[in-house]
Protein chains: 2
Amino acid sequence: MDELVERGVRITRQRRVLISVIQNSPTHLDATALLAIAKQQDSGINLATVYRTLALLKNCGLIDELDLMHLEGEKHYYEAKTSSDHCHLACFGCGAIMEYASPLFEKLKRKIAADSGFRIRVARLELGGLCKQCAKTTA
Amino acid sequence: MDELVERGVRITRQRRVLISVIQNSPTHLDATALLAIAKQQDSGINLATVYRTLALLKNCGLIDELDLMHLEGEKHYYEAKTSSDHCHLACFGCGAIMEYASPLFEKLKRKIAADSGFRIRVARLELGGLCKQCAKTTA
DNA sequence: TTTTACTTGCGAATGATTCTCAACTGGGAA
DNA sequence: TTCCCAGTTGAGAATCATTCGCAAGTAAAA
Ligand SMILES: [Mn+2]
Ligand SMILES: [Mn+2]
Ligand SMILES: [Zn+2]
Ligand SMILES: [Zn+2]
């Protein structure tokens with residue numbers, strides 16, 4: 001939040017609510033789900049504002065955008081960015097989404113940057129497949 | 001192609017053309033671009049068939065779907081899958097898309113699978129940032 | 001307070017992707 | 001070879017996510 005103030009971004013009532021919802025959400029939210037939760041605190045919030053705020057936060061590097069293998073439709077999901085990136089494992093069998101962080105992932109990013117001279121601002125590693133449970137079931 | 005026959009998938013004129021276009025494309029194609037190129041060989045092809053074929057190939061694991069950081073709109077891009085996965089670097093400055101393959105990436109995938117018991121079918125690593133050139137320019 | 005550039009709500013507009021259904025066809029069976 | 005039909009296609013409508021346009025509202029600097 002202070003991040004935004006420093007950048008001269010105006011803190012509106014709607015933005016305050018949306019940011020809080022995203023930061024406290026235990027799950028990955030799509031725009032509609034985010035709106036539904038935000039409305040509980042500020043019933044007037046509009047879907048267009050949700051999208052505008054998501055774009056703002058994404059540009060500021062405060063949230064990450066995910067596909068989660070489009071397990072249920074073409075929408076995107078969002079989560080607050082944390083210090084170390086984690087990757088997402090999406091199970092085609094049961095639809096579960098798991099997270100996985102590893103120093104090896106950080107190392108890979110550093111190596112890519114070093115090898116290519118690319119300055120990484122966003123890193124997204126998403127895997128699709130079968131979770132332990134489902135892999136067992138499917139033989 | 002033989003892959004498909006083995007799976008009992010019917011090889012139609014349209015599918016033959018679409019598969020060939022994807023396999024020979026030097027760039028990452030979205031559905032509309034794919035249609036445009038395919039039409040040069042078979043003018044009757046329809047966009048719905050393009051989407052149906054993309055879904056088919058994706059399910060068979062013959063192509064990968066990419067976001068390329070949605071640098072230009074919410075569409076998706078496709079490319080023929082090759083033996084070793086590579087990641088995609090998308091430059092926010094000039095829009096360039098670079099590819100990068102590394103044994104370290106393969107290693108990370110193996111480690112994730114080993115650690116979590118997840119059976120990986122699709123792996124997508126996409127990075128957004130500034131390419132060497134643009135990083136220099138932007139200070 | 002006053003001011004004003006930045007935001008918002010609302011509804012319409014876009015763009016991508018999917019669906020419906022009648023007509024068509026690949027490829028196994030006869 | 002010809003026949004047959006389950007699987008596939010084209011066309012257009014429908015759906016869904018996301019963006020726009022604009023008048024009205026409001027942070028926050030002065
Ligand atoms: Mn996550
Ligand atoms: Mn996407
Ligand atoms: Zn599962
Ligand atoms: Zn660049």
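Quick caveat, the model's predicted, so the values are computed rather than measured.
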Note to self: Using a strict heavy-atom distance below 4.0 Å, which residues from residues 30-41 of chain A are in contact with DNA chain C?
What the structure shows: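 When residues 30-41 of chain A is checked for heavy atoms under 4.0 Å from DNA chain C, there are no hits whatsoever.
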Item checked: For chain B, the stretch of DNA chain C it reaches, first to last nucleotide, under 4.0 Å of its heavy atoms ->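 Contact span on the strand: C:dA16 to C:dG27.
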Within a strict 4.5 Å, meaning less than it, do heavy atoms of the [X] and [Y] side chains meet?
X: B:Leu108; Y: A:Leu125; answer: yes
X: A:Leu62; Y: A:Ile19; answer: no
X: A:Asn46; Y: A:Val50; answer: no

Notebook entry, point to check: Going through the distances and angles, do B:His88 and B:Glu126 end up as a side chain to side chain donor-acceptor pair (under 3.5 Å)?
Noted result: CA-CA 5 Å; B:His88 292 90; B:Glu126 303 195 38; 5.8 Å; no
Next item on the list: Quickly work out the B:Ile45 CD1 to D:dT8 P distance and round it to whole Å.
Entry: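 Computing the B:Ile45:CD1 to D:dT8:P distance gives 15 Å.
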Checklist line | d(NZ, A:Lys75; P, D:dT19) in whole Å | finding: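 Nearest whole value for this atom pair: 16 Å.
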Next item on the list: Kindly check if the number of other-residue, nucleotide or ligand heavy atoms within 6.0 Å of CD (B:Gln133) is above 12?
Entry: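 12 or below, so no.
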Without swapping roles, check the side chain of [X] against the backbone of [Y] for a donor-acceptor pair under 3.5 Å.
X: B:Ser116; Y: B:Ile112; answer: yes
X: A:Arg7; Y: A:Cys60; answer: yes
X: B:Ser20; Y: B:Arg16; answer: no
X: B:Thr53; Y: B:Thr49; answer: yes
X: A:Ser43; Y: A:Lys39; answer: no

Next item on the list: Find the bend of the helix from C:dT1-D:dA30 to C:dA30-D:dT1 as the angle between its two terminal axes (five pairs each), to the nearest 10°.
Entry: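 Taking the rotation axis at each end, their angle is 40°.
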Next item on the list: With sequence neighbours left out, write down each residue that passes salt bridge (charged side-chain N to carboxylate O under 4.0 Å, His left out) with A:Lys58, or none if nothing qualifies.
Entry: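 With sequence neighbours excluded, A:Lys58 shows a salt bridge (charged side-chain N to carboxylate O under 4.0 Å, His left out) to A:Glu65, given in chain and number order.
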Margin query: Using the rule given for side chain to side chain donor-acceptor pair (under 3.5 Å), can you reason through A:His76 versus A:Asp30, listing the C-alpha separation, both sets of side-chain angles and the distance that settles it, and then say yes or no?
Written below: CA-CA 6 Å; A:His76 290 108; A:Asp30 61 64; over 6 Å; no
Notebook entry, point to check: So which of residues 2-28 of chain B are in contact with DNA chain D, with a heavy-atom cut-off of under 4.0 Å?
Noted result: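 Result for residues 2-28 of chain B: B:Arg10, B:Thr12, B:Gln14, B:Arg15, sorted by number.
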Margin query: Can you pull out the residues from residues 46-61 of chain A that lie within a 4.0 Å heavy-atom distance of DNA chain D?
Written below: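 Within this stretch, A:Leu47, A:Ala48, A:Tyr51, A:Arg52 sit under 4.0 Å of the strand.
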Check: Using 4.0 Å as the upper bound for N to carboxylate O, is an ion pair formed by B:Asp67 and B:Arg124?
Finding: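 Between B:Asp67 and B:Arg124 there is a salt bridge, with a charged N closer than 4.0 Å to a carboxylate O.
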Margin query: Let's go through B:Tyr100 and A:Asp115 carefully: what are the C-alpha distance in whole Å and the side-chain angles of both, what is the deciding distance for side chain to side chain donor-acceptor pair (under 3.5 Å) to 0.1 Å, and is it a yes or a no?
Written below: CA-CA 9 Å; B:Tyr100 177 97; A:Asp115 286 358; 2.6 Å; yes
Next item on the list: Mark yes or no: A:Lys107 above the aromatic ring of A:Phe105, with NZ or CZ under 6.0 Å from the six-membered ring centre and no more than 45 degrees from the axis.
Entry: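 So A:Lys107 doesn't make the cation-pi contact.
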Check: With sugar-phosphate meaning primed atoms plus P, OP1 and OP2, does B:Gly44 contact a base, only sugar-phosphate, or nothing at under 4.0 Å between heavy atoms?
Finding: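 Here B:Gly44 touches the backbone only, sparing every base.
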